[in-house]
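Let me begin by presenting the structure, written as structure tokens, before commenting on it.
Values below: all heavy atoms of this structure, side chains included; hydrogens, waters and symmetry mates excluded. What you see is a predicted model; the values in this text were computed from it and never measured. Throughout, residue positions are numbered sequentially from 1 according to the sequence presented.
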Amino acid sequence: QVQLVESGGGVVQAGDALSLSCAASGRTLSIYSMSWFRQAPGKEREFVAGITWSFGSRAYADSVKGRFTISRDSAKNTIYLQMNNLKPDDTAAYYCALSRDRRQLGDVGAYAYWGQGTQVTVSS
């Protein structure tokens with residue numbers, strides 16, 4: 001099994017920055033990718049950013065391009081999400097996910113392992 005633990009959420013004002021981290025433990029061999037998704041109340045879970053483990057290829061949702069940056073530390077089995085210029089629309093629970101499948105980073109069905117989520121609230 002794999003355990004994912006997110007940290008770093010909080011309440012900020014529009015224009016502020018925030019950094020999230022997600023540490024994977026347990027059976028962490030054969031990771032293909034790790035990603036961040038988010039879910040706002042009454043909305044479906046959506047892809048935010050993802051990174052492949054071997055080559056570090058990245059993908060972002062259009063809504064966060066230029067503002068969010070995903071990175072990884074392979075030695076620590078940890079990914080990070082640096083969020084700059086936050087907007088009220090970024091308010092959501094943010095979830096870390098891990099996939100062993102060679103599928104598109106934004107494919108929610110590719111992820112078998114999920115963290116418990118961390119709340120990000122951006123006030124205007």
Closest non-hydrogen atoms of Q119 and T121, given as atom of the first, atom of the second and distance, are NE2-OG1, 3.4 Å

ask   = If only atom types and distance count, is the side chain of T52 paired as donor or acceptor with the main-chain N or O of S57 below 3.5 Å?
value = yes

Cluster check Y95, L4: I/L/V/M/F/W/Y, side chain < 4.5 angstrom: no

Flag the pair Q13 / L86 as yes when at least one side-chain heavy-atom distance between them is below 4.5 Å, and no otherwise. no

Shortest non-hydrogen pair, G50 vs S35, comes out as CA-OG, 3.1 Å

Next item on the list: Evaluate whether atom CZ of R103 has more than 12 neighbouring non-hydrogen atoms of other residues, nucleotides or ligands under 6.0 angstrom away.
Entry: yes

- Query: So if you build clusters from Ile, Leu, Val, Met, Phe, Trp, Tyr with side-chain heavy-atom gaps below 4.5 Å, do Y32 and W53 land together?
  - Reply: no

Please check: side-chain N/O of T28 versus main-chain N/O of S25, any donor-acceptor pairing under 3.5 Å?
no

The ring-ring contact (aromatic ring centres under 6.0 Å, His included) partner of F47 among F68, W36, F37 is F37

Would you check if the side chain of S123 reaches a backbone N or O of V12 as a donor-acceptor pair within less than 3.5 Å? yes

### Task
Establish whether W114 and Y80 are linked, either directly or via other cluster members, by ILVMFWY side-chain heavy-atom contacts under 4.5 Å.
no

query: Is there a donor-acceptor contact under 3.5 Å from the side chain of E6 to the main chain of C22?
result: no

Nearest heavy-atom approach of M34 to A24 is CE-CB, 4.3 Å

Worksheet entry | Heavy-atom check, side chain of I79 versus side chain of C96, under 4.5 Å | yes

- Hey, is the main chain of Q1 close enough, under 3.5 Å, to the side chain of Y113 for a donor-acceptor pair? no

- Item | Test item: V120 and L20 side chains (from C-beta on) under 4.5 Å apart, heavy atoms | yes

Do the side chains of K87 and D90 get close enough for a salt bridge, i.e. N-O under 4.0 angstrom?
no

Closest non-hydrogen contact found for R67 with N85 is NH1-O, 3.0 Å

Item checked: Test item: D107 side-chain N/O and Q104 main-chain N/O as donor-acceptor pair under 3.5 Å -> no

message: Main chain of V48, side chain of R38: is a donor-acceptor contact present, judged purely on distance under 3.5 Å?
response: no

Output for pair (S33 OG, L98 CG), nearest 0.5 Å, gives 7.0 Å

Examine distances only and state if a side-chain atom of R100 and a backbone atom of L29 form a donor-acceptor pair shorter than 3.5 Å. yes

### Query
Does the S19 side chain pair with the main chain of Q82, one donor and one acceptor, at a distance under 3.5 Å?
no

Scanning both residues in full, the closest heavy-atom pair of I70 with R58 reads O-NE, 2.8 Å

Nearest heavy-atom contact between S124 and A14 is CA-CB, 4.3 Å

Requested in this report: Would you confirm whether Y111, through its side chain, and L105, through its main-chain N or O, come within 3.5 Å as a donor-acceptor pair?
Outcome: yes

